[in-house]
Amino acid sequence: PTPHERPTPSGHPTPPARPTPHERSTPTQRPAGQQGVRPGAADPHAPGADAGLEVRGATVDFRVRRGTLRALDAVDLTVPAGTLTAVLGPSGCGKSTLLRAVAGLETLAEGEIRFGDREVTDVPPHRRGFALVFQDGQLFDHLSVEQNVAYALRLRGVPRAKRRARTAELLEMVGLPGTERRDPRT
């Protein structure tokens, strides 16, 4: 085991219950121009680049019968503008709670959420400009893949040509070009 692991009764190493601030790591970020980054995006690491998403000290508590359950405990996350980040972890570790907090669907007990130069911690979900797509198939099965991807843009009144261009860009970004006309159930 490494110095930061402690053996369990079975002898297998486990990570510490909560890493110190120096042990915390941020998700791997890819500079603009590499796979997973929107084509033509500005370099997020360049001086003066848009800050993207900043989560600082995000803490979410849920009320339970015998008090409160801390679902997120002082989580920090930085996602530079123009990058794509995956949030990975075991079931129950707080991934969905973090994403729901960013989208405004969970209230922070402590902490701050910023997007670019704007604090959005207390901004209602419908005014944040974020979308959260759940893992369990929350797509409109009567719409095509393209129509599902473009749904929020249509609600915002984005013209059809711009919606199509942005949808093609997004599908390319996630490795699904050419699926625009497909049924989302296939």
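What you see is a predicted model; the values in this text were computed from it and never measured. Side-chain atoms are counted along with the backbone in the values below, which use heavy atoms only and exclude waters and symmetry mates.
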note = One should read off an interatomic distance between Asp122 CG and Glu112 CD, to the nearest 0.5 angstrom, of 10.0 Å

query = For Thr121 and Arg114, does a side-chain donor sit closer than 3.5 Å to a side-chain acceptor?
reply = no

query = Are Tyr151 and Leu139 linked, directly or through other ILVMFWY residues, by side chains that come within less than 4.5 angstrom of each other?
reply = no

Donor-acceptor contact below 3.5 Å, side chain Thr85 vs main chain Thr83 = no

inquiry  = Using side-chain heavy atoms (C-beta onward) and a distance below 4.5 Å, is Arg63 in contact with Leu69?
reply    = no

query = With hydrophobic residues grouped by side-chain heavy-atom distances under 4.5 Å, do Val158 and Met173 end up in a single group?
reply = no

remark   = So CZ of Arg163 and CG of Leu153: to nearest 0.5 Å the spacing works out to 7.5 Å

Separation between CZ of Arg70 and CD of Glu110, rounded to the nearest 0.5 Å = 5.5 Å

ask   = Distance from Leu98 atom CG to Cys93 atom SG, nearest 0.5 Å?
value = 9.5 Å

message = If you define the side chain from C-beta out and look only at heavy atoms, does anything of Val145 sit under 4.5 Å from Arg181?
response = no

query = At their closest point, which heavy atom of Thr68 faces which heavy atom of Asp61, and how far apart are they?
reply = CB-CB, 4.5 Å

query = Counting N and O atoms only, with roles assigned by atom type, does the side chain of Lys95 sit under 3.5 Å from a partner on the main chain of Val87, one being a donor and the other an acceptor?
reply = no

ask   = Can any side-chain N or O of Arg128 pair as donor or acceptor with the backbone N or O of Val102 at less than 3.5 Å?
value = yes

task = For Phe62, check ring-ring contact (aromatic ring centres under 6.0 Å, His included) against everything at least two apart and list the hits.
result = none

Step-by-step side-chain hydrogen bond (donor to acceptor under 3.5 Å, both in side chains) determination, Glu146 to Thr167 = CA-CA 6 Å; Glu146 177 182 43; Thr167 299; 5.2 Å; no

query = Quick check: does any side chain N or O of Thr59 sit under 3.5 Å from a backbone N or O of Ala74, one acting as donor and the other as acceptor?
reply = yes

task = Measure the shortest side-chain to side-chain distance between Glu169 and Glu172 over non-hydrogen atoms and say whether it is less than 4.5 angstrom.
result = no

key: Over all atoms of both residues, closest heavy-atom pair of Pro125 and Gly104   = CG-O, 3.1 Å

ask   = Can you check whether Arg182's main-chain N or O pairs, donor with acceptor, with Thr179's side chain at less than 3.5 Å?
value = no

query = Any link between Leu155 and Leu143 through a network of hydrophobic side chains (Ile, Leu, Val, Met, Phe, Trp, Tyr) touching at under 4.5 Å?
reply = yes

task = For Pro184 and Asn148, work out which heavy atoms get closest and say how close.
result = CG-ND2, 3.8 Å

task = With sequence neighbours left out, write down each residue that passes side chain to side chain donor-acceptor pair (under 3.5 Å) with Arg156, or none if nothing qualifies.
result = none

key: Atom pair CD1 (Ile113) and CG (Leu108), whose distance is rounded to the nearest 0.5 Å   = 4.5 Å

query = How about Thr97 and Glu106: does a side-chain donor come under 3.5 Å of a side-chain acceptor?
reply = no

query = Going through the checks in order, is the salt bridge (Lys or Arg N to Asp or Glu O under 4.0 Å) test met by Glu54 and Arg56?
reply = CA-CA 6 Å; Glu54 297 279 337; Arg56 294 286 164 250; 2.5 Å; yes

